Structures are given as structure tokens and as C-alpha cells.
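One structure is given here, and the rest of the page talks about it.
Since the model is a prediction, treat every value here as computed from it, not as a measurement. Only heavy atoms go into these numbers, but all of them, side chains included; no hydrogens, no water, no symmetry mates.
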Amino acid sequence: MAIPRMRTPHGAVEFLREQDPDCAITEHYIRRLIKTGQLPSVRAGVKYLVNVDLLIDYLKGEQTA
């Protein structure tokens, strides 16, 4: 079992921009996905963490839950 790559919304945007410098996904968009429950997240204190692999699957149109 692989360890999931968990990132804050800011870290997830940085990760995506490392992979694709022209990526148009914003931190605000990721936070909205978390708030609406469209993207699973884990709360760690006051921070929310998302699995970037699930985020990429979501952006590809694949089911996340």
C-alpha cells in the first residue's frame, strides 16, 4: 500500500504547477471542492489536507469517493 501524497490546498496547487507550469487551478477552487464535499479531505488541526492523486483523478473526471 502506497502512502498517499497529502497536501494543503496551497501545496496541491504548487504540486500541480510543478507538473504543469500553465495550470489554471487555483487554491480557492480546491478549497471550494473541499467545502462542498466534492473532494475528500482530512482535517489536521486547522488545516485541510487533500490527496493530490485523488485531486488529479477528479480533474480527469474520474470518481473520487
Side-chain angles (χ1 to χ4, degrees):
M1 179 177 197
I3 296 173
R5 297 186 286 179
M6 303 299 284
R7 304 286 188 276
T8 62
H10 179 76
V13 169
E14 286 182 347
F15 179 84
L16 291 174
R17 291 201 175 134
E18 286 175 7
Q19 305 300 312
D20 177 16
D22 295 327
C23 180
I25 301 300
T26 63
E27 186 175 340
H28 177 77
Y29 178 68
I30 294 174
R31 288 184 187 282
R32 184 181 304 161
L33 292 176
I34 293 169
K35 186 175 182 178
T36 60
Q38 293 175 295
L39 182 64
S41 65
V42 174
R43 188 148 185 200
V46 296
K47 296 180 180 184
Y48 286 92
L49 302 175
V50 296
N51 182 330
V52 292
D53 295 316
L54 292 179
L55 173 60
I56 291 168
D57 290 345
Y58 178 84
L59 295 173
K60 290 191 304 187
E62 298 176 6
Q63 189 71 3
T64 59

Can you tell me how far apart [atom1] ([X]) and [atom2] ([Y]) are? Round to the nearest 0.5 Å.
| X | Y | atom1 | atom2 | result |
| --- | --- | --- | --- | --- |
| Ser41 | Arg31 | OG | CZ | 10.5 Å |
| Ile3 | Asn51 | CD1 | CG | 12.0 Å |
| Leu54 | Arg5 | CG | CZ | 10.5 Å |
| Arg7 | Leu55 | CZ | CG | 11.5 Å |
| Thr8 | Glu27 | OG1 | CD | 7.0 Å |

Heavy-atom closest pair, residues [X] and [Y]:
| X | Y | result |
| --- | --- | --- |
| Ile25 | Leu59 | CD1-CD2, 3.9 Å |
| Met6 | Leu49 | CE-O, 3.8 Å |
| Tyr48 | Pro9 | O-CD, 3.3 Å |

Test of understanding: clusters of I, L, V, M, F, W, Y form through side-chain heavy atoms closer than 4.5 Å, transitively. Do Ile30 and Val42 belong to the same one? no

*asked:* I'd like to check Val50 versus Leu33 (side-chain heavy atoms, cut-off strictly below 4.5 Å). Are they in contact?
replied: no

Practice problem: Give a yes or no on whether Arg32 atom CZ has more than 12 heavy-atom contacts from other residues, nucleotides or ligands under 6.0 Å away. | Solution: no

